Amino acid sequence: MGTVAQFIILFVSLLFISCSSSTRSEYEMKLLYEGWLVEHHKNYNDLVEKDKRYEIFKDNLKYIDEHNGGNHTYQLGLNIFADLTVDEYQNNDLSFNPLSEMNMTYKESNRHMLNKGEELKLPNSVDWREKGAVTHVKNQGKCNSSWAFSTVATIESLNKIVTGELISLSEQELIDCYRKGCGRDDPVKAFQFIIQNDGIDTAEDYPYKAVYSKCDLSKKKKKVVSINGYVLGPFNNENAMKEVVANQPVIGGVDSKSRAFQLYHSGVFTGSCGIDINHAITIIGYGEVDGKDFWLIKNSWGTSWGQKGYMRIARNINKCGIAKYLSYPTKRYFHLAENQWQSI
Ligand SMILES: *[C@@H]1O[C@H](CO)[C@@H](O)[C@H](O)[C@H]1NC(C)=O
Ligand SMILES: *[C@@H]1O[C@H](CO)[C@@H](O)[C@H](O)[C@H]1NC(C)=O
Ligand SMILES: *[C@@H]1O[C@H](CO)[C@@H](O)[C@H](O)[C@H]1NC(C)=O
């Protein structure tokens, strides 16, 4: 990015902060919009479309200013979705279809075993990034593929925890070879595919394109990371969730269909949202700030959304349905001290 663009972004950011609680002039809003377009590499040749987007942008800006002027645990911002109506944003990503969660006929062996009253000493806070077990924030684009991103993210983390190596893995392989197209799906089926396929390739070998392309499992593509199982649950039990997240990052689901979720910028999200989960995310930690318990979430909407791509969302109140779904991969490894194979 050129220095002029950087300057514009800096200037516009300052403008955004300094004026955020007062009423803005048309001139200011226009400047913010132009800066936002530069920052998000948006170019409109169609001026009618550009003006239409500007009207939506202004409406979102008003909503953001009103919210940020109040006393809340979270802030909104002009992120990647700032020129979309809430309906457009919703259509952009309804990518989670956890059939197996609703289906109580899944195998007993894949069910999370609840800890039977054992008093566990869990840390008060966990952030798997601090352990170097989380890859960079990725961007699913317009492929309805959050299921693939959270599946891959949990395997990346588990692999780091077990082997010490953090390797970015391939969502595209799941799109091309398992689902054979963009669209919503179930992470459990992706786990099953990876197990049958003896593993998954690296992102470097099989990079993300956000569109379907023909499956390529040629010899030069190496399956570098394997898992040998997965677990579903615990469901609707945020205490048990905490135990699991203390062990490894997990797949969770949220209802992301709300304007507050769309424009989330930072803080502990307590905004309105339903509980019909439609978006898969990765839960990479938990904690408490200013008396507010939260889950730490890695999203797949790039770094412009949320806190550089992450979100803290209220914990212990089933916020946005986050307690409704949980699944995670397992891996066998040889435990030298115990001289036997163990699973994590
Ligand atoms: C903001 O809200 C918190 C929690 O409800 C409250 O403790 C605090 O006093 C409020 N601050 C202001 C400035 O109103
Ligand atoms: C539930 O599981 C059964 C048996 O595996 C399967 O036939 C059925 O299609 C599943 N239903 C859903 C909604 O996934
Ligand atoms: C994503 O899902 C939305 C809502 O179902 C749909 O309108 C859109 O066409 C889908 N896009 C892709 C690339 O699958």
Side-chain angles (χ1 to χ4, degrees), residues 17 20-22 49 52-53 56 64-76 80-81 83-99 101-102 138-152 170-187 189-190 193 206-215 251 253-262 264-281 287-294 299-302 305 312-317 319-321 325:
I17 294 161
S20 54
S21 50
S22 56
E49 180 66 15
K52 182 185 153 197
R53 293 284 140 212
I56 297 167
I64 293 167
D65 281 344
E66 272 168 19
H67 174 87
N68 290 351
N71 183 14
H72 298 282
T73 58
Y74 69 104
Q75 289 74 48
L76 302 178
I80 183 88
F81 301 129
D83 69 340
L84 300 180
T85 65
V86 71
D87 282 342
E88 289 167 333
Y89 149 80
Q90 282 165 23
N91 282 338
N92 222 359
D93 184 64
L94 294 173
S95 48
F96 188 37
N97 201 12
L99 288 177
E101 169 236 353
M102 312 301 175
K138 303 184 187 182
N139 196 340
Q140 65 187 66
K142 292 182 179 161
C143 181
N144 291 340
S145 48
S146 66
W147 59 274
F149 281 80
S150 52
T151 300
V152 163
S170 175
E171 294 81 13
Q172 192 66 37
E173 183 177 342
L174 296 178
I175 312 274
D176 293 354
C177 305
Y178 156 61
R179 193 179 189 287
K180 301 184 168 58
C182 285
R184 60 203 304 213
D185 217 299
D186 182 347
K189 297 201 178 136
F193 170 83
Y206 205 139
Y208 192 62
K209 298 198 186 97
V211 289
Y212 172 58
S213 50
K214 203 168 158 290
C215 172
I251 301 174
V254 286
D255 186 339
S256 62
K257 293 191 294 289
S258 84
R259 199 176 189 185
F261 204 104
Q262 171 188 357
Y264 168 77
H265 177 259
S266 57
V268 178
F269 185 76
T270 51
S272 70
C273 52
I275 56 164
D276 285 330
I277 52 179
N278 51 49
H279 179 64
I281 43 81
E288 183 241 296
V289 61
D290 299 332
K292 273 256 169 266
D293 288 341
F294 66 83
N299 205 348
S300 49
W301 290 341
W305 181 86
R312 284 178 290 169
I313 186 169
R315 180 161 57 98
N316 295 329
I317 54 170
K319 193 71 206 165
C320 307
Y325 179 90

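Each ligand, and each atom within it, is numbered from 1 in the order the structure gives. Since the model is a prediction, treat every value here as computed from it, not as a measurement.
- For the salt bridge (charged side-chain N to carboxylate O under 4.0 Å, His left out) test, residues two or more places apart in sequence or in another chain that qualify with E171 are K138.
- Here the side chains of I313 and Y264 are not in contact, with every heavy-atom distance at 4.5 Å or above.
- Each of the atoms 13 (C) of ligand 3 lies under 4.0 Å from some heavy atom of K142.
- Under a 3.5 Å cut-off, the side chain of R179 and the backbone N or O of R184 do form a donor-acceptor pair.
- Here the shortest heavy-atom pairing between C215 and Y206 reads CA-OH, 3.7 Å.
- Closer than 4.0 angstrom to ligand 1 lie heavy atoms from N71.
- Atom NE2 of H67 is surrounded by more than 12 heavy atoms from other residues, nucleotides or ligands within 6.0 Å.
- In this structure, W305 contributes its side chain and Q262 its backbone to a donor-acceptor pair below 3.5 Å.
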